[in-house]
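Ligands are counted one by one from 1 in listed order, and the atoms in each one are counted from 1 as well. Any value given below was found using the heavy atoms of this structure, including those in side chains, with hydrogens, waters and symmetry copies removed.
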Amino acid sequence: MQAESFEFNPLSPEFQANPYDYYQAIRQFMPQLHYAEWNTWFLTRHNDCSAVLKDQRFGHEILKIATREELGWGDVPEDQRAVSAVFQSWMLNRDPPDHTRLRSLVHKAFTPRIVERLRDKAQSLTDAAINQLLDEREADLIELLAMPIPVTIIAELLGVPSNDQDAFRGWSRALAGSFEMTQEPEVYRQASRAADEFNAYFRELIAEKQRHPREDLLSALAAVDAEGDRLSEEETLAMCILLLVAGHETTVNLIGNGTLALLRNPDQFALFAAHPAGLAKTAVEEFIRYDGPVQLTSRFALEDGELNGMNFHKGQEIITIIGAANRDPEKFENPESLDITRTDNPHLGFGAGIHYCLGSPLARLEGQIVFATLAERVPNLQLAVSDPARRKTYVLRGLAELPVRV
Ligand code: HEM
């Protein structure tokens with residue numbers, strides 16, 4: 001694709017459905033693209049994205065140093081305020097020192113040791129799903145495997161009753177809708193209703209955990225909240241929502257996108273089937289690099305300055321397209337090819353810097369178990385349709401369904 005042959009429009013359905021051809025052209029011809037319509041920078045080179053994510057001149061709490069008016073932002077409509085309040089409380093959207101305080105409180109829940117304890121559970125869920133696939137010979141792999149495993153595991157880690165799963169699956173979807181680049185007010189209204197429902201749900205559950213603590217993350221957070229000064233009630237609720245949503249909307253797409261990549265690269269699948277345990281780690285990293293669940297993230301410039309030749313101004317949004325950075329030929333050999341043996345793989349799929357994905361040990365563990373088991377037990381897996389339907393999302397990239405047969 002030549003630079004002259006397309007107009008950059010991040011909201012166009014063509015761009016969002018298959019961004020990788022566009023990324024190549026943008027990275028080559030306009031790697032630091034100032035999109036005047038939004039006064040926003042789009043970055044596609046690995047070096048630039050990585051530098052922004054690690055540089056404290058870029059952050060989230062722009063409203064601490066500029067008013068909405070100065071930024072040219074309108075007021076948040078009443079019916080969208082709940083989601084806006086939840087997002088502002090997320091550690092994902094905070095800068096130090098609040099980010100540091102919030103992250104250190106949950107960090108202990110994600111130590112490799114605690115995550116390891118979930119290994120048996122993830123393995124038995126995977127085995128049961130694969131038994132079902134081998135019995136029935138055909139399935140939608142998203143429904144059968146990619147969705148239930150991450151959802152059940154995050155519920156277990158948090159201590160959320162599994163029979164409430166249907167409710168928060170819907171709320172989580174609605175909330176995640178507002179991560180997308182969209183100007184549809186209805187998306188934010190739905191997200192706001194979901195935020196209200198989530199808040200009410202977790203308020204009750206946290207009170208219950210304070211009365212009857214268990215060995216789970218919510219009980220630990222509830223105890224911190226009860227101590228008072230380290231975590232406000234709003235922050236506790238926001239943290240519960242963040243972990244639940246992050247657990248629902250990402251790893252499912254790692255499993256879906258990764259399986260599709262294998263099915264479309266039979267030589268890689270055969271190689272994996274020959275060495276499932278030995279290749280599980282590098283394969284998971286490669287799936288995240290090659291067709292990652294999170295395509296981009298963003299920061300605000302907190303001051304005027306310069307970075308790698310980009311002159312930025314306070315208040316401008318900087319969008320780091322990590323999906324494009326992960327295919328930067330300056331960083332990766334044969335970036336457009338899937339290579340599950342790739343060892344030098346510094347992808348940005350889990351971010352970089354202080355917000356580096358807190359759930360990455362869990363996502364890696366789940367991914368390694370699912371892919372290794374699939375490659376070992378179902379090496380003859382095949383796509384049942386030529387082009388499985390994608391979800392109509394871009395930032396969180398994934399499949400609506402993945403029909404397969406054995
Ligand atoms: C393959 C699956 C996953 C991918 C690709 C992914 C990706 C990411 C990325 C790119 C970031 C950084 C965002 C930024 O810098 O703006 C992030 C942060 C985060 N992720 Fe994940 N994630 C995954 C799974 C999970 C899971 C399973 C959980 C929780 C159980 C989780 C919890 C979080 C949290 C809490 C943060 C915010 C960390 C902070 O602000 O310090 N993620 N993730």
* **Contacting atoms of ligand 1, where contact means under 4.0 angstrom from a heavy atom of G349** => 5 (C), 7 (C), 10 (C)
* Do R342 and E285 meet the salt-bridge criterion of a basic N to acidic O distance under 4.0 Å? -> no
* **Side-chain heavy-atom pair E235, R101 within 4.5 angstrom cut-off** => yes
* Part of T297 with heavy atoms under 4.0 Å of ligand 1, whether side chain, backbone, both or neither -> side chain
* To do: Please state whether R299 comes within less than 4.0 angstrom of ligand 1, counting heavy atoms only.
  => yes
* Donor-acceptor contact present, side-chain E180 to main-chain T393, <3.5 Å -> no
* To do: For D95 and G59, indicate whether the former's side chain and the latter's backbone hold a donor-acceptor pair under 3.5 Å.
  => no
* Asked: Is a side-chain donor or acceptor of D328 paired with a backbone partner of R45 at a separation under 3.5 angstrom?
  -> no
* To do: Could you name the option among G367, C357, G247 that has the heavy atom nearest to atom 25 (C) of ligand 1?
  => C357
* Does P293 have a non-hydrogen atom less than 4.0 Å from ligand 1? -> yes
* **Ligand-side contact atoms (ligand 1) for residue partner H99, heavy atom cut-off under 4.0 Å** => 39 (C), 40 (O), 41 (O)
Give the table of side-chain donor-acceptor pairs shorter than 3.5 Å for residues 199-206, with sequence neighbours excluded, one pair per line with atom names and distance.
| residue | atom | partner | partner atom | Å |
| --- | --- | --- | --- | --- |
| N199 | ND2 | A195 | O | 3.4 |
| Y201 | OH | D164 | OD2 | 2.6 |
| R203 | NE | E233 | OE2 | 3.2 |

* NZ/NE/NH1/NH2 to OD/OE distance under 4.0 Å, E336 and R327 -> yes
* Asked: Of the backbone atoms (N, CA, C, O) and the side-chain heavy atoms from C-beta on, which set of L157 has a member under 4.0 Å from an atom of ligand 1: side chain, backbone, both, or neither?
  -> neither
Donor-acceptor list for residues 139-149 side chains, cut-off 3.5 Å, not counting sequence neighbours:
| residue | atom | partner | partner atom | Å |
| --- | --- | --- | --- | --- |
| D140 | OD1 | I142 | N | 3.0 |
| D140 | OD1 | L402 | N | 2.8 |
| E143 | OE2 | R169 | NH2 | 3.1 |

* What atoms in ligand 1 come closer than 4.0 Å to a heavy atom of I354? -> 41 (O)
* Do side-chain atoms of N93 reach the backbone of F87 as a donor and acceptor pair under 3.5 angstrom? -> yes
* Run the numbers for me: atoms of ligand 1, each under 4.0 Å from some heavy atom of I154, listed by number. => 30 (C)
* To do: Give yes or no for whether the N/O distance cutoff of 3.5 Å, strictly under, is met between H60 and ligand 1.
  => no
* Side chain, backbone, both or neither: H355 near ligand 1, heavy atoms under 4.0 Å -> both
* Which atoms from ligand 1 have a heavy atom of T251 less than 4.0 Å away? -> 2 (C), 27 (C)
* Atoms of ligand 1 close to M91 [distance to a heavy atom under 4.0 angstrom, numbered from 1] -> 35 (C), 40 (O)
